[in-house]
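We number each residue from 1, following the sequence as shown. Just follow the structure's listing: the first ligand is 1, and inside any ligand the first atom is 1.
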Amino acid sequence: MGTSLTDTSDWQALQQHLDNAKTWQMRDLFARDPVRFDKFSAEAAGLFLDYSKNIVDEKTLSLLFALARDAQVEAKRDAMFAGKEINRTEHRAVLHTALRRPRGDKLLLDGKNVVADVHAVLDRIADFTDRVRSGAWRGFDNREITDIVNIGIGGSYLGPKMTCQALRPFAHPRLKSHFVSNVDGHDLDALLPQIDPATTLFIISSKTFSTSETMTNAQSARAWFLKSAPEAELPKHFVAVSTQLDLVTAFGIAPENMFPFWDWVGGRYSVWSAIGLSLALSIGIDNFKAFLAGAHAMDTHFQTAPLEKNLPAIMALTGIWNRNFFGSTSISIAPYHQDLAAFPGYLQQLEMESNGKRVQMDGAPVAVATCPVIWGDTGTNGQHAYFQMLHQGTDITPVDFIAALKPLHHLENHQVRLLANCFAQSEAFMRGKNADEVRADMTAQGLPEDEIARLIPHRTFPGNRPSNTILMDELTPSTLGALIALYEHKVFVQGAIWGINSFDQWGVELGKVLAKNIETELTGQPQAAQHDSSTNGLIARARAVL
Ligand code: F6P
């Protein structure tokens with residue numbers, strides 16, 4: 001078993017430094033250093049990162065960069081990009097970055113150039129999406145496709161849905177995107193009355209093509225379709241994205257209607273593959289390629305920029321500082337952009353399925369806390385819901401603010417108000433409002449002294465609450481690609497430092513197995529001896545009504 005992270009001299013130096021850092025107030029750090037913003041901000045691939053509103057100074061950062069270097073982050077990063085088998089519990093390379101490499105690049109895996117394979121599939125996606133978008137692809141009664149339904153869950157759903165929403169202004173005007181993920185029949189049931197089988201294209205998206213939720217929804221969609229058209233018409237309305245050709249064929253989808261990808265693409269990293277088919281249909285192949293290029297620009301930055309200027313590394317390290325040293329248990333993601341409404345949910349899978357781990361690569365328990373809870377909602381909506389807790393609650397929750405400076409709408413006044421709110425919130429978290437300031441305000445308002453004294457504790461803001469702000473000029477395919485890749489690599493750096501495998505997800509297995517058993521008991525013979533009284537009681541109550 002390797003050395004525990006907490007025993008390393010880097011960790012201990014940070015621990016000692018913390019004694020000092022705990023006494024700092026960010027408002028004093030800003031007052032003392034007029035160029036703090038310039039010092040603690042960086043830019044790459046169309047994204048600007050302001051991390052100056054973290055409780056850090058130059059020494060904190062140099063200790064954090066040393067931690068990353070001694071944890072071999074750079075060598076581990078290079079191993080990932082080179083296609084080494086870094087997912088050692090599943091014996092797989094981790095090569096989502098190959099999905100965004102330009103045509104003509106070369107990366108050999110088991111003697112095959114995977115970049116050539118990627119572009120061969122991209123060419124098929126280009127051809128298919130062009131035909132659907134232009135109207136050349138027709139449904140069974142010769143009408144154009146109007147509705148695209150992606151059936152998939154987890155990474156086969158969150159990425160397509162989030163990106164289609166985020167790039168709504170780029171969408172084809174005729175094509176409406178829908179997403180069905182939940183095995184709960186209410187999901188598909190709510191959609192079916194809105195669509196016409198003759199003008200709907202279903203994309204069955206599943207890496208394994210055996211995920212129970214997806215296969216259940218796919219079978220139901222197929223049965224619904226076959227009420228309106230004969231089986232021979234299925235190829236015009238059902239395509240698949242998967243790594244499992246046999247299972248796709250067995251479902252009744254012809255190989256020419258299947259878009260493949262590879263086991264070296266993790267589900268939560270798969271939006272760049274054919275799993276992004278619904279996005280490519282919506283925004284067109286050129287925009288889809290711009291999306292890939294934006295991510296590739298972030299990849300190149302991650303690979304080449306020194307850690308001190310490296311956006312993913314900086315976000316990862318300030319995140320570790322907040323999580324492991326200041327003890328924050330969650331991060332709130334606050335996109336000040338309505339089209340990024342699904343981004344916090346997307347990051348939940350990316351971060352929590354990747355780094356929600358409790359043992360190191362070598363099987364030993366991790367000595368420190370790993371992935372924090374990731375949650376959030378759009379600004380300004382969150383301000384009127386849970387920001388109260390972020391400002392004055394007992395927990396300190398770092399916030400990632402994300403905003404595009406220029407809107408893609410033409411409504412007056414909105415954008416200035418939106419950005420003002422975004423910047424005001426991070427300022428308020430950082431500065432707070434102390435008792436003297438609160439007193440001065442209330443005195444100016446002419447409140448009586450006893451009322452002022454009573455209200456001061458309630459109206460005081462402790463401040464010193466960390467945040468990052470990520471800005472882009474506009475939310476475009478390219479900046480969205482860079483933004484997602486930024487978080488992917490942040491997750492990578494944190495996983496590398498914690499010494500965990502960010503690329504498996506064994507934690508989702510147990511529930512799947514138990515659900516299979518319980519499913520048979522709900523309709524067949526109960527196996528009471530297998531369960532506790534609670535589970536037996538719940539099964540019995542359901543059996544009584546099913
Ligand atoms: O939740 C577990 C998981 O394996 C995710 O990692 C994955 O994105 C999701 O299920 C869907 O898997 P598939 O694409 O194989 O249907």
Participant: When you compare the side chains of Ser354 and Tyr269, does any donor N or O come within less than 3.5 Å of an acceptor on the partner?
Facilitator: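 Ser354 vs Tyr269: donor-acceptor pair found between side chains.
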
Participant: Specify the protein heavy atom at minimum distance from atom 7 (C) of ligand 1: its residue, its atom name, and the distance to 0.1 Å.
Facilitator: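 Minimum-distance protein heavy atom for atom 7 (C) of ligand 1 reads Gly155 N, 3.9 Å.
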
Participant: Any idea which protein heavy atom is nearest atom 5 (C) of ligand 1, and the distance to it?
Facilitator: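 Its nearest protein heavy-atom neighbour is Glu353 OE1, 3.4 Å.
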
Participant: Numbering the atoms of ligand 1 from 1, which are under 4.0 Å from a heavy atom of Gly154?
Facilitator: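 It comes down to these atoms of ligand 1: 8 (O).
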
Participant: For atom 9 (C) of ligand 1, grab the closest protein heavy atom and report residue, atom and distance to one decimal in Å.
Facilitator: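 Its nearest protein heavy-atom neighbour is Ile153 O, 3.7 Å.
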
Participant: Above 12 or not: heavy atoms from other molecules or residues under 6.0 Å from CG of Asp110?
Facilitator: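 Atom CG in Asp110 is not crowded, with 12 or fewer foreign heavy atoms closer than 6.0 Å.
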
Participant: Can you measure from NZ (Lys289) to OG (Ser478) and round to the nearest 0.5 angstrom?
Facilitator: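 The NZ atom of Lys289 sits 15.0 Å away from the OG atom of Ser478.
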
Participant: What residue and heavy atom of the protein are closest to atom 12 (O) of ligand 1, and at what distance?
Facilitator: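 Sorting protein heavy atoms by distance from atom 12 (O) of ligand 1 puts Thr211 OG1, 3.5 Å first.
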
Participant: Can you find an N or O of Thr214 that's nearer than 3.5 Å to an N or O of ligand 1?
Facilitator: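 No, since none of the N or O atoms of Thr214 sits under 3.5 Å from an N or O of ligand 1.
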
Participant: Which protein heavy atom lies closest to atom 15 (O) of ligand 1, and at what distance to 0.1 Å?
Facilitator: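 Nearest neighbour among protein heavy atoms for atom 15 (O) of ligand 1, to 0.1 Å: Thr208 OG1, 2.6 Å.
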
Participant: Can you find an N or O of Ser206 that's nearer than 3.5 Å to an N or O of ligand 1?
Facilitator: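 N/O-N/O distance under 3.5 Å: yes.
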
Participant: Give the atom numbers and elements of ligand 1 that come within less than 4.0 Å of a heavy atom of Ser156.
Facilitator: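 Within the 4.0 Å cut-off of Ser156, ligand 1 contributes 13 (P), 14 (O).
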
Participant: Are Lys176 and Asp147 close enough for a salt bridge, meaning some N to O gap below 4.0 Å?
Facilitator: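 Asp147 and Lys176: not salt-bridged.
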
Participant: Which residue, Met80, Met315, Arg77, forms the side chain to side chain contact (heavy atoms under 4.5 Å, CB included) with His489?
Facilitator: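 So, applying the side chain to side chain contact (heavy atoms under 4.5 Å, CB included) to His489 and each of Met80, Met315, Arg77, only Met80 qualifies.
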
Participant: Quick check on the 6.0 Å ring-centre criterion: do Phe225 and Phe202 meet it?
Facilitator: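 Phe225 vs Phe202: aromatic centres not under 6.0 Å.
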
Participant: Between ligand 1 and Glu213, can you find any atom pair, the residue atom being a heavy atom, that is separated by under 4.0 Å?
Facilitator: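 The answer is no: ligand 1 sits nowhere under 4.0 Å from a heavy atom of Glu213.
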
Participant: Can a side-chain donor-acceptor contact be found between Thr208 and Thr211 if the only test is distance below 3.5 angstrom?
Facilitator: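 Yes.
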
Participant: Would you call Arg174-Glu144 a salt bridge at under 4.0 Å N-O?
Facilitator: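 Counted as a salt bridge, because a side-chain N and a carboxylate O are separated by less than 4.0 Å.
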
Participant: Is the closest N or O pair between Gln505 and ligand 1 shorter than 3.5 Å?
Facilitator: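 Looking only at distances, the answer is no, because the N/O contact criterion of under 3.5 Å is not met.
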
Participant: So, for atom 1 (O) of ligand 1, does the protein have a heavy atom nearer than 4.0 Å?
Facilitator: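 Yes, because at least one protein heavy atom sits under 4.0 Å from atom 1 (O) of ligand 1.
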
Participant: Mind telling me whether Tyr487 and Phe343 have parallel, tilted or perpendicular rings, with 30° and 60° as the class edges?
Facilitator: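 It falls in the perpendicular class, over 60°.
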
Participant: Should you measure from each heavy atom of Val508, which atoms of ligand 1 turn up under 4.0 Å away?
Facilitator: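 Listed by number with element: 1 (O), 2 (C).
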
